[in-house]
Each structure stands twice: as C-alpha cells, then as structure tokens.
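Just below is one structure, and these are the notes that go with it.
Predicted model, so just to flag it, every value in this text is computed and none were measured. Just so we're on the same page: letters track the sequence lines, and every chain starts at 1.
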2 protein chains.
Amino acid sequence: MSGLSDLRLTTQRQAVLNAVQHSVNHPDAAEVYEHVRASLPRVSLGTVYRALDALVEAGFLLRIETSGPARYDGNVEPAHHHLTCARCGAVVDIPVTRAERQVIDEARKARPELRVSGVRLDFRGLCPVCRDAEERG
Amino acid sequence: MSGLSDLRLTTQRQAVLNAVQHSVNHPDAAEVYEHVRASLPRVSLGTVYRALDALVEAGFLLRIETSGPARYDGNVEPAHHHLTCARCGAVVDIPVTRAERQVIDEARKARPELRVSGVRLDFRGLCPVCRDAEERG
DNA sequence: GTGAATGCAAAAGCTTTGCAACCTA
DNA sequence: TAGGTTGCAAAGCTTTTGCATTCAC
C-alpha cells in the first residue's frame with residue numbers, strides 16, 4: 001500500500017471512510033468501529049485499524065495524535081487546522097489561511113536549513129459545549 | 001498535585017527533570033528511564049512516568065504527542081514550537097514569534113466563540129541529519 | 001510524624017500482527 | 001486464479017495503578 005492507485009475499495013473500507021466523513025466530531029478507532037458495526041455486524045476492530053491506516057496513507061483521511069487514542073478527520077483540506085478544548089479534550093476544526101503563510105515564511109527565515117514545507121496549527125480554547133458550561137460557572 | 005507550590009522535589013524528580021533538560025533531542029519515557037538509571041539504579045519506570053506527569057503539570061516540562069510514545073521537552077518558552085522530520089520523525093525546536101500573534105488574531109476572528117487562548121505550531125520539514133542524507137541522494 | 005512518593009508487579013488501554021479463509025480485480 | 005483483505009485471537013507496546021514501604025517536609 002503506497003498511494004492512491006493501489007487501494008482496493010472494499011465494502012469495509014468504504015464503510016470506514018463513510019463513518020469518519022459523516023461524523024460530527026473527530027472519531028477514534030473505537031467510535032468508527034461502533035458506527036461501522038451498524039451496517040457490517042461481522043467487521044472486526046483489526047480491520048477498522050487497517051482500513052484507517054490505508055485511508056490515511058492514501059490521503060483520504062487525516063490522523064490526529066492526542067494524549068489518548070488517535071482521532072481521524074475526513075476533512076483533508078490543507079488550510080484547515082484544529083483546536084483542542086482545554087476542558088474536555090474535544091477536537092474542533094478551525095479555518096485559518098492568511099496568517100499560515102506568514103508563519104511558514106518566518107520559520108523559513110529563522111531556520112532555513114530545516115526545509116520547512118508546511119505547518120499544522122493546534123489551537124487551545126474551548127469547544128462550544130464547555131464554553132457554555134464555563135459561562136454558567 | 002495541582003501547581004508549582006505543592007511539588008516535592010525528590011531525588012527522582014530532580015533526576016528526571018535533569019535528564020530531559022540535558023537531552024539534545026526530545027526523549028520519550030524509556031529514554032529518560034535509561035538516563036536516570038545511570039545515577040539511580042533502583043528507580044522504576046512507573047516512577048519516571050509519574051515524575052514526568054508531575055513535572056508537566058507543574059509547568060517544568062512540555063509533553064509532545066507523536067504517533068509513537070510521547071516525548072518530553074525541557075524548553076517551556078511560550079513562543080517556541082516544533083518541527084517534525086518528514087523522513088525520520090525526529091522533533092526539532094524552532095523559534096517563531098512574530099507571526100504567531102497574527103495566527104491567533106485570525107483564528108479569533110474566524111471562530112470567536114471558541115475562545116482561542118493560544119496556538120502550538122507543528123512544522124513539517126527535515127531534521128539536519130535527514131537533510132544531509134537527502135542532498136546526497 | 002504524616003501524607004506524599006517510590007518500587008515492584010500486575011493490569012489496562014490502544015494498536016498491531018499471524019494465520020487461515022475469503023473476496024476482488 | 002493470484003494476491004490483497006478480512007475475521008479472529010493473540011501478542012505488543014505504552015502507560016497507569018494497587019499496595020506496602022520509604023522518604024521529604
């Protein structure tokens with residue numbers, strides 16, 4: 001498995017891709033597994049992990065590292081980043097495009113030898129649920 | 001454990017802090033354990049994990065999530081970020097300060113409700129070792 | 001002296017993998 | 001039909017935890 005071309009679109013992989021893309025938040029493997037099980041009761045967790053790997057490798061999904069289980073993102077647009085909730089750890093998408101370019105320029109100037117090719121922005125803040133909770137006390 | 005004040009400075013914690021701060025790269029728990037064992041042969045891996053947690057919690061260390069084991073950073077300056085090597089996965093420090101402010105401003109404008117309080121930048125590029133290797137072919 | 005920290009070992013949590021059966025191109 | 005893919009189960013790796021003992025304040 002090493003690119004878009006040689007990816008077999010099996011029933012299981014389509015179900016996994018669909019589960020991530022139609023998820024409101026960014027699901028982890030266990031959540032994807034539960035969702036896929038609804039339509040494919042005999043699917044295994046191992047298959048879900050292998051499908052997620054294959055889909056990330058092929059560029060259909062993004063993998064987000066956290067302090068717990070990895071989460072997956074069906075939105076692979078380059079100029080889209082993440083905010084981690086300081087209260088509950090949820091991951092929310094956040095669009096930032098203009099300033100991204102300047103960050104990369106500054107990094108290239110600061111450390112030209114590092115051959116900076118891109119940047120991922122991880123914001124800290126509050127997800128809507130926790131913001132509401134905070135505002136009430 | 002919830003702040004600087006109530007952190008007991010035990011021999012083990014000092015050794016763990018010292019190991020991370022004097023490491024060239026960003027060590028994981030196993031590497032810290034090996035280093036600490038040189039001066040404290042009876043230390044346990046569990047203690048290293050608990051010390052790392054306590055030191056992160058108290059603000060002496062930064063924890064970096066990766067696709068493998070978590071890595072720790074003795075440099076806690078706010079305006080210092082990381083570059084992950086696209087070839088070998090090493091994590092290198094990179095100083096970016098000016099553009100960071102603009103990124104936060106843009107994010108606050110794009111999604112005011114998320115109460116953005118900070119940002120962590122994760123650059124993609126090549127560490128010095130891999131850059132040299134690439135340049136040779 | 002007292003509560004927190006440690007060492008040890010066992011367990012938990014997440015992810016990967018070996019293998020035989022199965023399916024897709 | 002040939003090789004990749006799946007289901008199942010076992011193993012692997014990282015991290016956490018229970019408990020008796022020890023230590024720092």
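Annotation: H35(B) is not in aromatic contact with H22(B) [ring centroid separation under 6.0 Å not met].
We find that CG of L45(B) is positioned 10 Å from P of dT14(D), with the value rounded to whole Å. The distance between atom OH of Y33(B) and atom P of dT15(D), rounded to the nearest whole Å, is 15 Å. Straight-line distance from the CG atom of L7(A) to the P atom of dA25(C): 11 Å, rounded to whole Å. Distance L40(B) CG to dT22(D) C1': 15 Å, rounded to the nearest Å. Atom CD of E57(B) is separated from atom P of dA4(C) by 15 Å (rounded to the nearest Å). Atom CG in L9(A) sits about 18 Å away from atom P in dC23(C), given to the nearest Å. Computed from coordinates, the R37(A) CZ to dT6(D) C1' distance equals 16 Å when rounded to whole Å. Rounded to a whole Å, the CG atom of L52(B) is 14 Å from the P atom of dA5(C).
In this structure, A70(A) reaches the sugar-phosphate backbone alone: every heavy-atom distance under 4.0 Å involves primed, P, OP1 or OP2 atoms, never a base. Contacts of A30(B) with the nucleic acid, taken as non-hydrogen atoms under 4.0 Å apart, are absent.
For A29(A), the side-chain atoms get nearest to dT15(C) when compared with the rest of dG7(D), dT15(C), dT24(C). Of all nucleotides listed (dC23(D), dG3(D), dG7(C)), dC23(D) comes nearest to the side chain of R8(B).
With R111(A) contributing its side chain and D93(B) its backbone, the two residues share a donor-acceptor pair below 3.5 Å. With hydrogens and angles disregarded, no donor-acceptor distance shorter than 3.5 Å links the side chain of E113(B) to the backbone of P128(A). Between the R13(B) side chain and the A51(B) main chain, no donor and acceptor come within less than 3.5 Å of each other. Although no hydrogens or angles enter the test, the distance criterion places no donor-acceptor pair under 3.5 Å between the side chain of E106(B) and the main chain of V96(A).
Dashed line: the shortest gap from a side-chain N or O of T10(A) to OP1 or OP2 of dT6(D) is under 4.0 Å. An OP1 or OP2 oxygen of dT16(C) is reached within less than 4.0 angstrom by no side-chain nitrogen or oxygen of Y49(A). Put simply, R13(B) has a side-chain N or O that comes within less than 4.0 Å of OP1 or OP2 on dA5(C). For dT14(D), the OP1/OP2 oxygens have no side-chain nitrogen or oxygen of T66(B) closer than 4.0 Å.
Nucleotides of DNA chain C nearest to T47(B) and R63(A) differ in position, and the one nearer the 5' end is that of T47(B). For D53(B) and Q12(A), each mapped to the nucleotide of DNA chain D holding its nearest heavy atom, the one lying further toward the 5' end belongs to Q12(A).
Between the base of dG7(C) and the side chain of R50(B) there is a donor-acceptor pair shorter than 3.5 Å.
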